[in-house]
A.B. asks: 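Below you'll find the structure I mean.
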Amino acid sequence: MINQAYRLIAPKQIRTDFVDLPIDDENVVVRPTYLSICAADQRYYTGSRGRVVMKQKLPMSLIHEAVGEVVYDPKGEYDVGTNVVMIPNTPMEKDDIIKENYLRTSKFRASGFDGFMQNVVSMRRDLIIPFHVESRVAVLLELTSVVMNAVENFKLEAHERKDVIGIWGNGNLGFISALVLKKSFPDTKVIVFGVEEHKMAYFSFVDETYLINNIPEDLRVDHAFECVGGRASETAINQIIDYINPQGSITLMGVSEKPVAINTRMVLEKGLTLLGNSRSNYDDFKKSVELMEKYSDVCEYLSTIISEEVVVQSIEDMHRAFDDDLNNDFKTIMKWEI
Ligand SMILES: NC(=O)C1=CN([C@@H]2O[C@H](COP(=O)(O)OP(=O)(O)OC[C@H]3O[C@@H](n4cnc5c(N)ncnc54)[C@H](OP(=O)(O)O)[C@@H]3O)[C@@H](O)[C@H]2O)C=CC1
Ligand SMILES: O=C(CO)[C@H](O)[C@H](O)COP(=O)(O)O
Ligand SMILES: [Zn+2]
C-alpha cells in the first residue's frame with residue numbers, strides 16, 4: 001500500500017514523499033487524528049540542532065506526540081475506529097535491567113526515523129494503547145508518559161522526605177510534572193518557579209509559585225524537577241542547587257544543545273543526586289492513560305494548556321502550526337485532516 005509521509009527536508013521545508021506501508025500481522029494501520037508539537041520537533045523545524053545533526057536526521061517526518069484511530073488490523077484484534085495512542089519509542093531488543101527508552105538500540109519517532117506526520121502509520125501491535133477520553137486531550141499522553149517515567153525514577157531514587165518539591169519551568173513539561181506530582185504526592189507542597197508571571201495563572205492547583213528573581217532567601221525544597229531546557233537550564237539547575245536541602249534529588253528533564261555548566265562543588269558539598277530522564281515506555285503510557293481516565297480534573301487541567309488547535313488540510317497548514325507554536329504560551333496541536 002502507498003502512503004504519504006510529510007517529511008522535513010531542510011529547516012522549514014516540508015515535502016510529500018510517497019512511501020510503501022508495511023502491512024503484516026504484527027502491525028496495525030492507524031490514521032493519526034491529533035498531533036502535538038514538542039520543543040524537540042521545533043529544534044528540527046527551525047534547524048537549531050546544527051548542520052551535522054540535521055544532515056544525519058533528515059529527511060524525516062516530525063512529531064512524536066500523537067493519537068489516532070485504527071483503520072486496519074489484519075488480526076482483527078482492534079475494531080476499526082478504535083482510538084489509540086501511538087508510542088514513539090520503538091525497542092529493538094529486550095533488557096532485564098535497562099528500560100527500553102534508554103536502550104541505545106531503541107529507535108524513536110521523529111528522531112532518526114519517520115514520526116507521525118503521515119496519512120497513516122503502520123504501528124507495531126505492542127506500541128498502541130486504546131483510550132477513552134477526548135482525543136484532543138489524549139494527544140498530551142506522550143508528554144504525560146515522559147513525566148510518568150521521571151516520577152517513577154524519582155520514587156525509586158529519592159529519599160523519603162518529600163515535604164516540598166520545587167519545579168523549575170512553568171511551561172508544558174512543568175505543568176504536567178506539577179499535575180502528576182500533586183496526584184502522586186497529595187500531602188507534598190509543590191512549588192513552581194518560572195519567568196513569566198502570566199503563565200503562573202495556569203498553575204492554580206499547586207501550592208505556591210515564584211518568579212525566579214523573587215524567591216524568598218530562606219525558601220528550601222527537599223527535591224526538584226528541572227523542566228526548562230536550552231541555555232536557560234544552566235541558570236535553573238544552579239538556582240536549584242542553591243535552594244535544595246542536602247541529599248536532595250534533582251530530576252533533570254530539560255534538553256540542551258550545548259553542555260551545561262553546573263556548580264559541582266555544591267553538588268558534592270550537599271551530597272545531591274542528579275537524575276537524568278528521557279522519553280518513556282509502554283508502562284509509562286499505560287499509567288498515563290489510567291491517570292486521564294481516572295481523574296476528569298486532570299483532563300480539564302490539561303485542556304487549559306492547549307494554546308491553539310490548527311486544522312491541517314495542507315502543507316501550508318503544517319507550516320502555520322509550527323510558526324504559531326513559536327509564539328504560543330503552551331501546546332499547539334494539529335487536528336489531522338490531510
Ligand atoms: N526529557 C524528555 O523526555 C523531554 C524533554 N523535554 C524538554 O523539556 C524542556 C521544556 O519543554 P517545554 O516545557 O515544552 O518548554 P516550555 O518553553 O513550554 O517551558 C520552559 C519554561 O521554563 C521557563 N524558564 C526559562 N528560564 C527559566 C529559569 N531559569 N527558571 C525557571 N523557569 C525558566 C520558560 O519561561 P519563558 O517561556 O517565559 O522563557 C518556560 O515557561 C525542553 O528542553 C524540551 O525539549 C520535553 C519533552 C520530553
Ligand atoms: O521530546 C522528547 C521526548 O518527548 C525528547 O526530548 C526527544 O525525543 C529528544 O530527541 P532528540 O534527541 O531528537 O532531540
Ligand atoms: Zn517530546
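Note that ligands are numbered from 1 as they come in the structure, with each ligand's atoms numbered from 1 the same way.
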A.B. asks: Is the gap between the ring centers of Phe175 and Tyr202 under 6.0 Å?
C.D. replies: no
A.B. asks: Closest by any non-hydrogen atom to atom 37 (O) of ligand 1: pick that one out of Glu196, Glu142, Glu65, Lys199.
C.D. replies: Lys199
A.B. asks: Polar contacts were defined as any N/O atom of the residue lying under 3.5 Å from an N/O atom of the ligand; does this apply to Val146 and ligand 1?
C.D. replies: no
A.B. asks: Please enumerate all residues that pass salt bridge (charged side-chain N to carboxylate O under 4.0 Å, His left out) together with Lys189, with sequence neighbours excluded.
C.D. replies: Glu208
A.B. asks: Would you say the rings of Phe116 and His64 are close, in the sense that their centroids are separated by under 6.0 Å?
C.D. replies: no
A.B. asks: Output yes when the distance from some N or O of ligand 1 to some N or O of Thr235 is under 3.5 Å, and no in every other case.
C.D. replies: no
A.B. asks: Using a plain distance cutoff, I'd like to know if Gln239 has any nitrogen or oxygen under 3.5 Å from a nitrogen or oxygen of ligand 1.
C.D. replies: no
A.B. asks: Using distance alone, determine whether Leu173 and ligand 1 share an N or O pair under 3.5 Å.
C.D. replies: yes
A.B. asks: Evaluate Trp336 against Arg31 for side-chain contact (heavy atoms from CB on, under 4.5 Å), listing each step before the verdict.
C.D. replies: CA-CA 9 Å; Trp336 201 243; Arg31 168 156 176 67; 4.1 Å; yes
A.B. asks: Nearest 0.5 Å, what's the CD1-OH distance between Ile215 and Tyr210?
C.D. replies: 9.0 Å
A.B. asks: So, regarding Met253 and ligand 1 (criterion: nitrogen or oxygen to nitrogen or oxygen, under 3.5 Å), is there a contact or not?
C.D. replies: yes
A.B. asks: Return the set of residues passing side-chain contact (heavy atoms from CB on, under 4.5 Å) with Thr235 (not counting sequence neighbours), or none when no residue passes.
C.D. replies: none
A.B. asks: Hey, is ligand 1 close enough to Asn277 that some N/O pair sits below 3.5 Å?
C.D. replies: yes
A.B. asks: Counting only protein N/O/S, how many atoms fall short of 2.8 Å from the Zn ion (ligand 3)?
C.D. replies: 2
A.B. asks: Would Phe113 and Phe108 count as a close aromatic pair, with their ring centres under 6.0 Å?
C.D. replies: no
A.B. asks: When you measure from the side chain of Thr144 to the backbone N and O of Ser288, does any donor-acceptor pair fall under 3.5 Å?
C.D. replies: no
A.B. asks: If you count only heavy atoms, which residues are under 4.0 Å from ligand 2?
C.D. replies: Cys38, Ala40, Arg43, Tyr44, Arg49, His64, Phe108, Ser111, Glu142, Val146, Val255, Arg279
A.B. asks: Is there a polar contact, in the sense of an N or O pair closer than 3.5 Å, between Asp329 and ligand 1?
C.D. replies: no
A.B. asks: Is the gap between the ring centers of Phe185 and Phe154 under 6.0 Å?
C.D. replies: yes
